[in-house]
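See structure below.
FYI, side chains are in, hydrogens and waters are out, and symmetry mates aren't considered; it's all heavy atoms of this structure.
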Amino acid sequence: MTRIVLLNANLFDSSSATLKPGATIVIENGMVDAVSFERPEIGDAQIFDVGGRVVLPGLIDAHVHVSASVSDFFKLSLMPQSLIAAKSKDILEQMLMRGFTTVRDAGGADAGIANAIELGHFVGPRLFIAGRAITQTGGHGDPRPAFFSGERCACCGAVGMLGHVADGVSEVRRAVREEIRNGATHIKVMAGGGISTPNDPLDGTQYSVEEMKAIVEEATAARTYVMAHAYSPTAIQRAVRCGVRSIEHGNLIDMATARFMAEHGTYLVPTLSTYAAIAREGRRIGWSDAMLAKTDRVKNMGVEAMKLAHAVGVKIGLGSDLLGEMQAFQHEELTLREAAMKPAEILRSATWINAEMMNQSGHIGVIAKGAHADLIVVEGNPLDGLAVLSDDRNLLAIMKAGKFYSNRLAHGPC
Ligand code: ZN
Ligand code: ZN
């Protein structure tokens, strides 16, 4: 494979969240071969002059649902798998073209979709998958509407089915083992109520401690980890006590719970953009009053939760959790966070912290020797405001695994 060299880069060092000007980045075989601040021996290579522009590690979105082409989970469960996969293809490609070179699916995508990217059938980010989210009967991942009395059936393995319903210790163990057998890279558990399901209270808890401990134990046995959907302090504390690695959403967190998370080293993945998008679009796309009331309740608390957690030292990851056509608002996850954190810290969440949370430190979320060559070149300084990333004209180049998916850089001196 060709050697590619990027000259004169203002490199975002994701470990320190600072810019380091004058970098030369050497890429070979899809990996970063060298980063140098002196002019290195370049040899035979394709050379591009970045012209002092900011180069970021490819962004990571740690909470997506690439198979959720509609926001109604029940409708999704009735969609043919082939159509879901076809729609996922577009969603994935658009994510990559927004500069997200890695995404962590929080329920729905299967190993076939991940393979389709790896084999080059789909253009998309690196995809880490949970398979189906483990959920109790009537839990946040149970897609059956309230009036639907049908039993769950053997066909519930469909790719669009976000949830894997399991009750009791032995069933949840089997569910986790099943997801891992099917290629899950991590496990998702629904540990409390949610907004997109109308019948489970937001501050309710889901799963017994015994069940959740068993879920974590099975994930650990398979050398992976658990991400838990939870809003309320009680649901969060139970999940943390059971050993989950990341709390997803966490909008209703209080000071004691934030401190508890910091003590345990549990990550928080706020998902501000999804509430903002639902508040704007929810009525139009047919969300019920009950669901919109839940959205209202958590929307404004999201920023406060992030401030609180950040202040006591909880590691903050970045995830968007957008559904259906609202997936287009993925960049808002960056800009909305400016109400709670500095742009450089937000970029660190989207790179360094997300990589660490996903056990991928050194491989992604960083531009350093030995990392995958995933990066974006930006016009304008995102450390002065992340809105520059929302305009795709400012994304001058997007590279994943050493391959340009867009490139408007000038050829450098040869
Ligand atoms: Zn959730
Ligand atoms: Zn989600």
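Distance alone, capped at 3.5 Å, is enough to place a donor-acceptor pair between the H186 side chain and the D105 backbone. No side-chain donor-acceptor contact under 3.5 Å links S390 to the backbone of H331. Within the 3.5 Å criterion, the main-chain N or O of G141 finds a donor-acceptor partner in the side chain of T135. In this structure, R283 contributes its side chain and L292 its backbone to no donor-acceptor pair below 3.5 Å. With hydrogens and angles disregarded, a donor-acceptor distance shorter than 3.5 Å links the side chain of S14 to the backbone of G365. For the pair N354 (side chain) and I60 (backbone), a donor-acceptor distance under 3.5 Å is present.
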Legend entry - Trace of the salt bridge (charged side-chain N to carboxylate O under 4.0 Å, His left out) decision for E345 with R348: CA-CA 5 Å; E345 293 169 333; R348 188 167 183 269; over 6 Å; no
Inset, instruction - I would like to know whether H63 and E248 meet side-chain hydrogen bond (donor to acceptor under 3.5 Å, both in side chains); could you show each step before the answer? - result: CA-CA 8 Å; H63 193 128; E248 308 298 305; 2.7 Å; yes
Legend entry - Verdict with supporting geometry, E218 and R177, salt bridge (charged side-chain N to carboxylate O under 4.0 Å, His left out): CA-CA 7 Å; E218 290 298 330; R177 291 170 187 171; 2.7 Å; yes
Inset, instruction - Could you give me the CA-CA distance, side-chain angles and deciding distance for D33 and R3, then say whether salt bridge (charged side-chain N to carboxylate O under 4.0 Å, His left out) is met? - result: CA-CA 9 Å; D33 190 46; R3 210 166 138 86; 3.4 Å; yes
Inset, instruction - Run the numbers on T257 and Q237 for side-chain hydrogen bond (donor to acceptor under 3.5 Å, both in side chains), then give the verdict. - result: CA-CA 6 Å; T257 308; Q237 288 192 27; 2.9 Å; yes
Legend entry - Verdict with reasoning, E333 to S320, per side-chain hydrogen bond (donor to acceptor under 3.5 Å, both in side chains): CA-CA 6 Å; E333 192 55 47; S320 59; 5.7 Å; no
Legend entry - H164 vs E178, side-chain hydrogen bond (donor to acceptor under 3.5 Å, both in side chains): CA-CA, chis, key distance, verdict: CA-CA 10 Å; H164 187 157; E178 194 71 34; over 6 Å; no
Inset, instruction - May I have the step-by-step check of salt bridge (charged side-chain N to carboxylate O under 4.0 Å, His left out) for K294 and D203, ending in yes or no? - result: CA-CA 10 Å; K294 282 180 170 183; D203 45 10; over 6 Å; no
Inset, instruction - Please report the C-alpha distance between H411 and F48 in whole Å, then the side-chain angles of each, then the deciding distance to 0.1 Å, and finally whether the ring pair (Phe, Tyr, Trp, His ring centres under 6.0 Å) criterion is met. - result: CA-CA 4 Å; H411 264 286; F48 296 93; 4.7 Å; yes
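Between R393 and E379, none of the side-chain N atoms (NZ, or NE/NH1/NH2) sits under 4.0 Å from a carboxylate O, so this pair counts as no salt bridge. Taking 4.0 Å as the cut-off between side-chain N and carboxylate O, K213 and E210 do not count as a salt-bridged pair. Look at K400 and D374 and you find no salt bridge, because none of the NZ, NE, NH1 or NH2 atoms lies under 4.0 Å from a carboxylate O. A salt bridge links R284 and E325; the closest N-O separation between the charged side-chain nitrogens and carboxylate oxygens is under 4.0 Å.
For CZ of R259, the number of neighbouring non-hydrogen atoms (other residues, nucleotides, ligands) closer than 6.0 Å is 12 at most. In K307, the NZ atom is crowded: over 12 heavy atoms of neighbouring residues, nucleotides or ligands sit closer than 6.0 Å.
Partner E332 forms a salt bridge (charged side-chain N to carboxylate O under 4.0 Å, His left out) with one of R280, R337, R98 and no other, that one being R280.
Ring-plane geometry between H264 and F260 is classed as tilted, the angle between the planes lying from 30 to 60 degrees on a 0 to 90 degree scale. Using cut-offs of 30° and 60° on the angle between ring planes, the pair Y275 and H249 is perpendicular.
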